[in-house]
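Treat the numbers as computed from the prediction; the structure is a model and nothing was measured. Each ligand, and each atom within it, is numbered from 1 in the order the structure gives. Excluded from the calculations below are hydrogen atoms, water molecules and symmetry mates; all remaining heavy atoms, backbone and side chain alike, are included.
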Amino acid sequence: MTGYIASHMVALLHEQGHKVSGVDNFSNSTIESLERLETLCETDLVFEEVDVCNEERLKFALTIATKVNGPIDAVMHFAGLKAVGESSKIPLHYYQTNIAGTLNLLGCMRDFGIKQFVFSSSATVYGVPETTPLHEGCRTQSTNPYGRSKLVIEELLEDIAAADPEMRITRLRYFNPVGAHPSGLIGELPNGIPNNLMPYVFKVATGELPQVNVFGNDYETKDGTGVRDYIHVCDLVSGHLSAVKHLAKNKGLFTFNLGTGKGYSVLEMIQRTEAITGIKIPYAISERRPGDVGEVYADASLAKHVLNWEAEYNLDDMIYHQWQWARKADQ
Ligand code: WQD
């Protein structure tokens with residue numbers, strides 16, 4: 001509830017008048033994250049500090065939420081570890097947290113009679129892209145323990161939906177979330193040295209890190225550097241809202257890419273950040289990162305067609321909002 005994506009989801013659900021409750025184990029956020037979210041929502045939130053791997057605590061949280069807000073319509077599951085490189089070092093921890101945690105949650109939903117489930121999947125399930133842009137029918141493939149955990153959960157959800165025609169499940173495949181809430185009150189809290197590009201770029205912009213290491217410039221892309229489909233976190237959560245509204249009217253299993261359909265290179269991201277912040281972002285070309293591919297971006301037409309959803313923020317919005325947040329978080 002207090003992590004990067006979930007906190008933006010809570011803010012949107014609250015803004016739209018929905019009753020929201022949530023849990024978090026603060027593995028990728030802090031109690032201050034909850035406090036900032038409550039400031040943004042201008043209310044105390046129904047929250048319990050819970051690890052999704054703790055079934056008893058999860059049941060307790062669902063009981064409290066039901067008592068306070070009434071029967072729960074849907075569960076949106078954001079709790080998971082997401083660092084590709086780290087997952088290769090501690091795969092068992094990733095499988096326990098991501099897969100066992102999800103099974104715990106699904107078991108509690110069964111016990112509480114909750115049938116609607118929105119799962120945070122990832123474009124990583126496509127592995128080495130069969131084609132670009134990637135559409136939902138593209139081949140899936142595991143290329144690291146993190147991606148494998150997401151793919152295994154997607155496949156478990158297929159079996160669960162097939163066994164219970166009353167289930168309403170959506171798997172949302174995120175491309176590259178960036179940006180922050182326009183208020184500047186909530187954003188990503190990258191602990192330590194960021195794995196992802198844009199949190200790293202902003203650590204350089206604020207002077208916390210000396211330069212960006214560009215992982216390879218010999219890919220077959222527009223300028224040789226990696227191309228990705230960056231999507232504003234506020235667009236990402238509006239896609240979740242569209243998905244849960246669709247689930248309220250449709251039983252079954254659904255899968256959607258959440259991306260913009262546009263790809264930007266590492267050098268383009270650095271150049272746009274310099275233009276918007278007015279700060280020189282030093283960088284050096286280094287070796288490719290193991291497991292990286294050259295170009296990954298979405299065919300987002302299915303979400304447009306079925307959910308009537310498409311990304312609305314542009315690249316400059318993403319960078320400007322993330323800069324607003326980075327400057328505050330650095331203070
Ligand atoms: C983007 C581009 C790098 C850092 C990962 C996960 C994916 C999703 C998003 C969870 C690539 C280059 C990066 C740096 C660089 N997470 N880069 N220097 O790898 O596309 O996706 O995060 O769902 O599942 O796989 O994102 O931000 O790490 O990299 O040159 O210091 O930036 O090579 O081309 P990625 P990223």
Inset, instruction - Step by step, work out the side-chain hydrogen bond (donor to acceptor under 3.5 Å, both in side chains) result for Ser238 and Trp309. - result: CA-CA 8 Å; Ser238 72; Trp309 169 89; 2.9 Å; yes
Inset, instruction - Sequence neighbours left out, what pairs pass ring pair (Phe, Tyr, Trp, His ring centres under 6.0 Å) with at least one residue falling in residues 209-231? - result: none
Considering the heavy atoms of [X], write down every atom of ligand 1 situated less than 4.0 Å from one of them.
X: Asn195; answer: 4 (C), 28 (O)
X: Val214; answer: 30 (O)
X: Tyr230; answer: 1 (C), 2 (C)
X: Gly226; answer: 34 (O)

Inset, instruction - Starting from atom 19 (O) of ligand 1, find the nearest protein heavy-atom neighbour and note its residue, name and distance. - result: Arg289 NH2, 2.8 Å
Legend entry - Shortest protein heavy-atom distance from atom 25 (O) of ligand 1, along with the residue and atom involved: Val84 CG2, 3.0 Å
Inset, instruction - Would you check whether Met198 has a nitrogen or oxygen atom less than 3.5 angstrom from a nitrogen or oxygen atom of ligand 1? - result: no
Where the closest heavy atom to [atom] is concerned, which of [options] has it?
atom: atom 23 (O) of ligand 1; options: Tyr174, Tyr126, Tyr146; answer: Tyr146
atom: atom 4 (C) of ligand 1; options: Tyr219, Tyr283, Phe175, Phe215; answer: Phe215
atom: atom 18 (N) of ligand 1; options: Leu197, Asn213, Asn176; answer: Asn213

Any donor-acceptor N or O pair under 3.5 Å, side chains [X], [Y]:
X: Arg272; Y: Tyr264; value: no
X: Tyr146; Y: Glu86; value: no
X: Asn144; Y: Tyr94; value: no

Legend entry - Option among Asn213, Val214, Asp218 that satisfies the side chain to side chain contact (heavy atoms under 4.5 Å, CB included) test with Ile285: Val214
Legend entry - Salt-bridge contact Glu188-Lys82 (side-chain N to carboxylate O under 4.0 Å): yes
